[in-house]
Amino acid sequence: MSILKLIAACAAACTLACAPAAHAAVDTAKPKAEAKKKPAAKKSEAKKAKSKAKPAPVPAAPDPEADEPDVLGSAVVDYDCELGNKVTIYQNAGDDSHVALRWKTRLHRLTRVATTTGAQRFENKHYGLIWIGIPAKGMLLDSKKNRQLANECRNAEQLKPAEPPAIIEAAAPAAPATSAAVPVPPAAPSGQM
């Protein structure tokens, strides 16, 4: 029975020891909630004060791919594409590594990318635009959505019907003039039969 008395005594001691801490937690919970309300009010007042005195916006660093390029003095080539789409290319004579491309209502700056096929390829990685130009047509792609934006784009020069290649007579081997002009006589009939 001494064990039961020991357990009971420990339980009572534990209850007495924990009771003041539980009451303290309840008493301090109310001031903490009130304390939370007061700084929140101060924070909202601080936000109002900051919103009244806004600092001047810091100008963003220029991003040549995101900003619209200047096209003054550029050569302009208009392309008519399938489905009624239109693309305009602006190119400066002194700058072969960049073009400006107007698609819909936006003007984009594209940078040349080297190719092994000889096609002209220009990209704008910020917007995901790719312009591919070959002698027969041009094509505008969206690399972010993996789709074609405009295909079968042709300028005025490419819309002209192709002329058939001229036959070059110098390239064909010339036949000797004497062999074609001299007729071969038929074999003479022989009297022996």
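Nothing here was measured: the structure is a model prediction, and the numbers come from that model. In what follows, residues are counted from 1 in the order of the sequence shown.
Connection of Leu129 to Val113 is not established within any shared hydrophobic cluster, with ILVMFWY side chains joined at heavy-atom distances below 4.5 Å, either directly or through further cluster members.
Tyr90 places a side-chain heavy atom less than 4.5 Å from the side chain of Leu107. You'll find the side chain of Phe122 stays beyond 4.5 Å of the side chain of Ile89, heavy atoms only. For the pair Glu152/Leu83, no side-chain contact is recorded, criterion being any heavy-atom separation below 4.5 Å from C-beta on.
Annotation: Trp103 is not in aromatic contact with Tyr127 [ring centroid separation under 6.0 Å not met].
For the atom pair His126 NE2 and Leu110 CG, the distance stands at 12.5 Å (nearest 0.5 Å). Note: Asp80 CG to Cys153 SG = 8.5 Å, rounded to the nearest 0.5 Å. Taking NZ of Lys160 as the reference point, atom CZ of Arg154 lies at 15.0 Å (rounded to 0.5 Å). In this structure, CH2 in Trp131 is found 9.0 Å from CE in Met139, a value given to the nearest 0.5 Å.
The minimum heavy-atom distance between Ser74 and Asn92, with the atom names listed, is OG-OD1, 2.6 Å. Nearest heavy atom pair, residue Leu149 against residue Asn85, reads O-ND2, 3.5 Å. Smallest separation of non-hydrogen atoms from Asn151 and Gln148: ND2-OE1, 3.2 Å.
Side-chain N or O atoms of Thr88 include none that pairs as donor or acceptor with a backbone N or O of Asp78 at under 3.5 Å. Remark: the backbone N or O of Asn124 is not paired with any side-chain donor or acceptor of Arg109 at under 3.5 angstrom. Between the Arg112 side chain and the Asp96 main chain, a donor and an acceptor come within less than 3.5 Å of each other.
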What verdict does the side chain to side chain contact (heavy atoms under 4.5 Å, CB included) test give for Arg121 and Ile130, after you've listed the backbone C-alpha separation in whole Å, the side-chain angles of each residue and the deciding distance to 0.1 Å? CA-CA 7 Å; Arg121 180 183 173 118; Ile130 300 172; 3.5 Å; yes
